[in-house]
Amino acid sequence: MMIKKKTLLTAWLLAVSIGAMAQAKVESRISAMEMLIGEQVTVDVTVTAAKDAKVEFPQTAQIPDGVEFLGAMEHPDTDAGNGQKQCMRSYVFTSFEDTLYYLPPMTVKVDGRDYTTNQLALKVLDVEVDTLHLDQYRPPKTVQDNPFLWSDWSTAFWLSVLLLVLLAIDYYLYARLRSNKPIVISLKMVKRLLPHQKAMKAIEEIKAEHMATADDPKEYYTRLTDALRHYIEERYGFSAMEMTSDEIIGQLTRSGDQTMLEELRQLFQTADLVKFAKYSTLINENDANLVSAIDYINRTKLETPPSEEQAKPQLTAEQQRSLKSRKTLKTVIAAIGTASALLFIYIVYQLYLLLS
């Protein structure tokens, strides 16, 4: 009978110990019960459970108004002995209102079962400010008495004076150089273009400005017909710029050159309608007239090599002396400028050594 009682007692103790090991323990602890406005406190939630237990911490914390949740920090699990582990997560809070706050318990799940932490309180303190004696404040620190040795700074000072003198001289010489009218010596080559070259140059400018697709057809046809009129006037020797379109066609007919007269007549008629009757043309019509003008010039042009003339400058003795003086001034200005730049770099280096 005695043996049977001992066996039952042993089994009961074993069951109690197993149940205690299966039971999880959840605790919470705050890093400080009081804090100043704007400081931070940490609430550590610790769970002690079996090693194979599944622990689920809350992602956020339920906090009262006036307290701000800043985030949570994970911690690695540790061995608690007796087949158990310890898990911990830290929650960071702050507040900007001075009062006493009650922090509600947090719920942690262990193997699907809810466990609540203990209740916590937080006192937020205001910073004391003496509003009655605002004029009573700590005086500023005294000025540090750094030793000054003229011998250390004299070199940089006199070099700076020299630099200012050089800059003044350089500016004076530059002003003198600008006051003299420069003498430009250049060999000009005067090239005389042929009539068809001038006309093609004018047409290329019209093409480069995309005037065929512009919103002002009047300007387009005015420039195109002017180029043709100048060409005809120089090519055939009559004043086409002062004639009407019909007079130009009639003069060309009498001269015996019948090349593309019908296309030229159609181009001049379209130009007259645009300029005087506000006739609206299409883009392809503008392009066709431009091609007709180019084709007419290419078919009627005369190929003779253009002549060139070279203009040789003649300098007087006074101009030669002025030219030589300007070259000397430029050389002196460049030399003084280079010396000033090098001197400035050296002064900056000396000041860097003194202040470092």
Side-chain angles (χ1 to χ4, degrees), residues 1-134 136-138 140-141 356:
M1 186 68 179
M2 193 67 175
I3 297 174
K4 186 176 181 180
K5 288 181 178 181
K6 290 183 178 180
T7 304
L8 291 174
L9 180 60
T10 303
W12 179 79
L13 292 174
L14 182 61
V16 170
S17 61
I18 294 174
M21 291 179 62
Q23 186 76 13
K25 181 180 179 181
V26 179
E27 296 177 328
S28 63
R29 182 177 58 187
I30 192 168
S31 59
M33 297 291 293
E34 296 181 350
M35 75 171 189
L36 295 176
I37 287 179
E39 291 184 344
Q40 298 178 4
V41 294
T42 303
V43 175
D44 298 327
V45 178
T46 306
V47 177
T48 304
K51 288 187 176 182
D52 58 346
K54 182 180 179 182
V55 180
E56 298 178 22
F57 289 96
Q59 297 298 324
T60 59
Q62 297 180 355
I63 53 176
D65 294 336
V67 178
E68 296 181 14
F69 174 67
L70 301 181
M73 296 183 294
E74 295 282 353
H75 297 279
D77 298 342
T78 58
D79 187 7
N82 297 325
Q84 291 184 318
K85 65 178 180 181
Q86 190 175 71
C87 307
M88 186 172 69
R89 176 176 287 187
S90 300
Y91 300 85
V92 184
F93 304 92
T94 188
S95 178
F96 296 93
E97 298 181 10
D98 56 330
T99 186
L100 178 63
Y101 295 99
Y102 164 72
L103 302 180
M106 288 183 279
T107 302
V108 181
K109 288 183 176 293
V110 180
D111 290 334
R113 182 178 176 182
D114 293 339
Y115 293 85
T116 58
T117 63
N118 49 306
Q119 301 177 0
L120 299 173
L122 175 64
K123 175 64 176 178
V124 180
L125 303 176
D126 195 3
V127 179
E128 295 184 1
V129 178
D130 188 3
T131 58
L132 299 178
H133 305 88
L134 296 178
Q136 296 183 4
Y137 54 87
R138 295 181 181 178
K141 296 181 179 180
S356 61

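Lys51 has a carboxylate O that lies under 4.0 Å from a charged side-chain N of Asp79, or vice versa, which qualifies the two as a salt bridge. Ion pair Asp114/Lys109 flagged as a salt bridge, since at least one NZ, NE, NH1 or NH2 atom sits closer than 4.0 Å to an Asp/Glu carboxylate oxygen. A salt bridge does not link Arg29 with Glu27: every distance from a Lys NZ or Arg NE/NH1/NH2 to an Asp or Glu carboxylate oxygen is 4.0 Å or more.
The backbone N or O of Gly66 sits less than 3.5 Å from a side-chain atom of Ser95, completing a donor-acceptor pair. With Thr94 contributing its side chain and Glu39 its backbone, the two residues share a donor-acceptor pair below 3.5 Å. For the pair Asp77 (side chain) and Cys87 (backbone), a donor-acceptor distance under 3.5 Å is absent. Judged by distance alone, with hydrogens and angles left aside, the side-chain atoms of Thr42 form no donor-acceptor pair with the main-chain N or O of Tyr91 at under 3.5 Å.
For the ring-ring contact (aromatic ring centres under 6.0 Å, His included) test, no residue two or more places apart in sequence or in another chain qualifies with Tyr102. In this structure Tyr101 satisfies the ring-ring contact (aromatic ring centres under 6.0 Å, His included) test with no other residue, sequence neighbours excluded.
Two residues are said to be in side-chain contact when any heavy atoms from C-beta on lie closer than 4.5 Å; Val108 and Val45 meet this criterion. Within the 4.5 Å cutoff, the side chain of Leu122 has heavy atoms near those of the Met35 side chain. A 4.5 Å side-chain heavy-atom check between Asp98 and Leu125 finds every atom pair outside the cut-off. The shortest side-chain heavy-atom distance between Val47 and Val110 falls under the 4.5 Å cut-off. Residues Glu97 and Val124 fail the side-chain proximity criterion, which asks for heavy atoms closer than 4.5 Å. By the 4.5 Å heavy-atom criterion applied to side chains, Leu103 and Pro64 are counted as neighbours. Annotation: side chain of Asp44 is not in contact with side chain of Ser28 (no heavy-atom distance under 4.5 Å).
To the nearest 0.5 Å, atoms CZ (Phe69) and OG1 (Thr60) are separated by 6.0 Å.
Listed here is the closest heavy atom pair of Val92 and Gln40: CG1-OE1, 3.6 Å. Summarising the geometry of Ile30 relative to Ala121, their closest heavy-atom pair is CD1-O, 4.0 Å, with the distance given to 0.1 Å.
Sparse packing is recorded around CG of Asp65, with 12 or fewer heavy atoms of other residues, nucleotides or ligands lying under 6.0 Å away. Within 6.0 Å of atom NZ in Lys25, 12 or fewer heavy atoms from other residues, nucleotides or ligands are found, so the atom counts as exposed in its surroundings.
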